[in-house]
Amino acid sequence: MILQLLPEHLQIIRTHAESTYPEECCGIILGHAMSEGKTVVEVMPTENAWNTEAADFPYDDTTESQRRRYAIAPQVMLQAQREARDRSLNIIGIYHSHTDAPPIPSECDRLYAWPEYSYIIVSVQKGKAETLQSWSLDDTHQFQPETIKNII
């Protein structure tokens, strides 16, 4: 699968990730999904609601902090869905950062992932956004890397 986006979209993600370091950032990706891939139209930074929403995630150790976990509040997702629908868009993915770790999905990332979404992870090393990778789930609920293609 190919995820197409503008360089500005990547810059928004990188800037957001650096601004929240050492905690993880997260956000919603709006766009269009077609059989040949997905096209990003907008990147929406959101607040990491892990500490307030963690009780809703029963399969994880809620003592984990925002340094290692992220959550987007349900009401924020609903508002993004409404906004996307009003603009003839869809939520096509989620992005988040890994602090001082590679951009490889964790088991927690996999457990809570939705099959139709792309998941962009940016590695933030010592406060600087570095490697970025997109992932999507296959038919066995395992992450596979996605190709990121800049729209010129």
Side-chain angles (χ1 to χ4, degrees), residues 1-54 57 59-73 76-77 80-81 83-84 89-152:
M1 191 62 77
I2 295 174
L3 182 67
Q4 298 184 93
L5 41 64
L6 294 168
E8 300 92 85
H9 295 136
L10 292 176
Q11 190 54 51
I12 290 167
I13 293 169
R14 290 176 185 282
T15 300
H16 188 203
E18 289 176 355
S19 74
T20 62
Y21 182 87
E23 294 180 349
E24 288 193 5
C25 76
C26 53
I28 300 168
I29 303 167
L30 302 181
H32 303 284
M34 290 136 318
S35 58
E36 65 274 7
K38 299 174 191 153
T39 302
V40 176
V41 173
E42 184 178 343
V43 172
M44 297 174 56
T46 64
E47 181 181 341
N48 183 346
W50 176 258
N51 284 346
T52 57
E53 302 295 332
F57 296 91
Y59 302 109
D60 204 5
D61 177 4
T62 55
T63 61
E64 284 287 352
S65 73
Q66 291 171 320
R67 288 182 64 114
R68 292 281 176 244
R69 297 286 185 264
Y70 77 95
I72 297 173
V76 173
M77 285 295 286
Q81 284 178 321
E83 187 177 321
L89 299 172
N90 293 301
I91 296 176
I92 60 169
I94 303 289
Y95 74 85
H96 74 281
S97 58
H98 280 182
T99 55
D100 299 315
I104 298 169
S106 67
E107 180 60 12
C108 182
D109 292 339
R110 190 184 71 77
L111 285 173
Y112 298 116
W114 292 21
E116 61 272 16
Y117 285 0
S118 291
Y119 289 87
I120 296 177
I121 303 175
V122 59
S123 173
V124 184
Q125 302 289 330
K126 298 183 175 120
K128 178 99 174 91
E130 294 186 357
T131 315
L132 186 137
Q133 176 65 54
S134 185
W135 304 86
S136 61
L137 290 172
D138 64 17
D139 294 339
T140 63
H141 209 77
Q142 299 300 313
F143 274 113
Q144 300 301 323
E146 283 187 316
T147 300
I148 296 176
K149 180 179 174 188
N150 280 325
I151 303 170
I152 298 171

Revision key, fill the gap. Scanning both residues in full, the closest heavy-atom pair of Leu30 with Ala80 reads CD2-O, 4.3 Å

Check your understanding: Taking only residues two or more places apart in sequence, or in another chain, which ones meet Ser35 in a side-chain hydrogen bond (donor to acceptor under 3.5 Å, both in side chains)?
Key -> none

Check your understanding: Which of parallel (below 30°), tilted (30 to 60°) and perpendicular (above 60°) describes Trp114 and Tyr117?
Key -> parallel

Review point. With sequence neighbours excluded, what pairs up with Ser123 under the side-chain hydrogen bond (donor to acceptor under 3.5 Å, both in side chains) test?
Key: Gln125

Review point. Can you find a heavy atom in the side chain of Phe143 that is under 4.5 Å from one in the side chain of Leu137?
Key: yes

Practice item. For Asp138, enumerate each residue passing the side-chain contact (heavy atoms from CB on, under 4.5 Å) test, keeping only those at least two apart in sequence or located in another chain. Key: Thr140, Gln142, Gln144

**Study point:** Pairing residues for Asn90 by the side-chain hydrogen bond (donor to acceptor under 3.5 Å, both in side chains) criterion, not counting sequence neighbours
**Key:** none

Practice item. Decide yes or no for Met44 and Ile91: does some side-chain heavy atom of the first lie under 4.5 Å from some side-chain heavy atom of the second? Key: no

Review point. Distance from Ile148 atom CD1 to Ile2 atom CD1, nearest 0.5 Å?
Key: 11.5 Å

Distance-only donor-acceptor hits, side chain of residues 5-13, under 3.5 Å, sequence neighbours excluded:
{"residue": "His9", "atom": "ND1", "partner": "Leu6", "partner atom": "N", "Å": "3.0"}
{"residue": "His9", "atom": "NE2", "partner": "Val41", "partner atom": "O", "Å": "3.2"}
{"residue": "Gln11", "atom": "NE2", "partner": "Thr15", "partner atom": "OG1", "Å": "3.0"}

Name the atoms and distances for all side-chain donor-acceptor pairs under 3.5 Å in residues 129-136, with sequence neighbours left out.
{"residue": "Gln133", "atom": "NE2", "partner": "Glu146", "partner atom": "O", "Å": "3.0"}
{"residue": "Ser134", "atom": "OG", "partner": "Glu146", "partner atom": "OE1", "Å": "2.6"}
{"residue": "Trp135", "atom": "NE1", "partner": "Pro103", "partner atom": "O", "Å": "3.0"}

Review point. Roughly how far, to the nearest 0.5 Å, is CD of Glu42 from CD1 of Ile92?
Key: 11.0 Å

Check your understanding: Quick one: does Ser97's side chain have a donor or acceptor within less than 3.5 Å of a partner on Cys25's backbone?
Key -> yes

Practice item. With the side chain counted from C-beta on, respond yes when Thr99 and Glu23 share a heavy-atom pair under 4.5 Å apart, and no when they do not. Key: no

Review point. With a 3.5 Å cut-off and no angle check, do the side chains of Tyr70 and Asp109 form a donor-acceptor pair?
Key: no

Check your understanding: Which pair of heavy atoms, one from Val124 and one from Gly127, lies closest together, and at what distance?
Key -> CG1-C, 3.6 Å

Exercise for review: Would you please name every residue forming a salt bridge (charged side-chain N to carboxylate O under 4.0 Å, His left out) with Glu83, sequence neighbours left out?
Suggested key: Arg87

Review point. Going by heavy atoms in the side chains, are His98 and Ile104 under 4.5 Å from each other?
Key: no

Point to revise | Between CD1 on residue Ile151 and CD on residue Gln4, distance to nearest 0.5 Å | key: 5.0 Å

Study note, to complete from the structure: Arg69 and Asn48 have their tightest heavy-atom pair at O-ND2, 3.0 Å

Revision key, fill the gap. Hits for side-chain contact (heavy atoms from CB on, under 4.5 Å) against Ser19, two or more places apart or cross-chain, chain-then-number order -> His16

Point to revise | Test salt bridge (charged side-chain N to carboxylate O under 4.0 Å, His left out) applied to Glu107 - qualifying residues, sequence neighbours left out | key: Arg110

Review point. Among all residues two or more places apart in sequence or in another chain, which pass the side-chain hydrogen bond (donor to acceptor under 3.5 Å, both in side chains) test with Asn150?
Key: none

Study note, to complete from the structure: For Ile28 and Met77 the tightest heavy-atom approach is CD1-SD, 3.6 Å

Point to revise | Spatial distance of atom OH (Tyr119) from atom SG (Cys26) [nearest 0.5 Å] | key: 12.0 Å

Practice item. Would you name the heavy atoms of Leu3 and Ser118 that are closest together and state the gap between them? Key: CD1-OG, 4.0 Å

Point to revise | NE2 on His32 to CG on Leu89, rounded to 0.5 Å | key: 5.0 Å

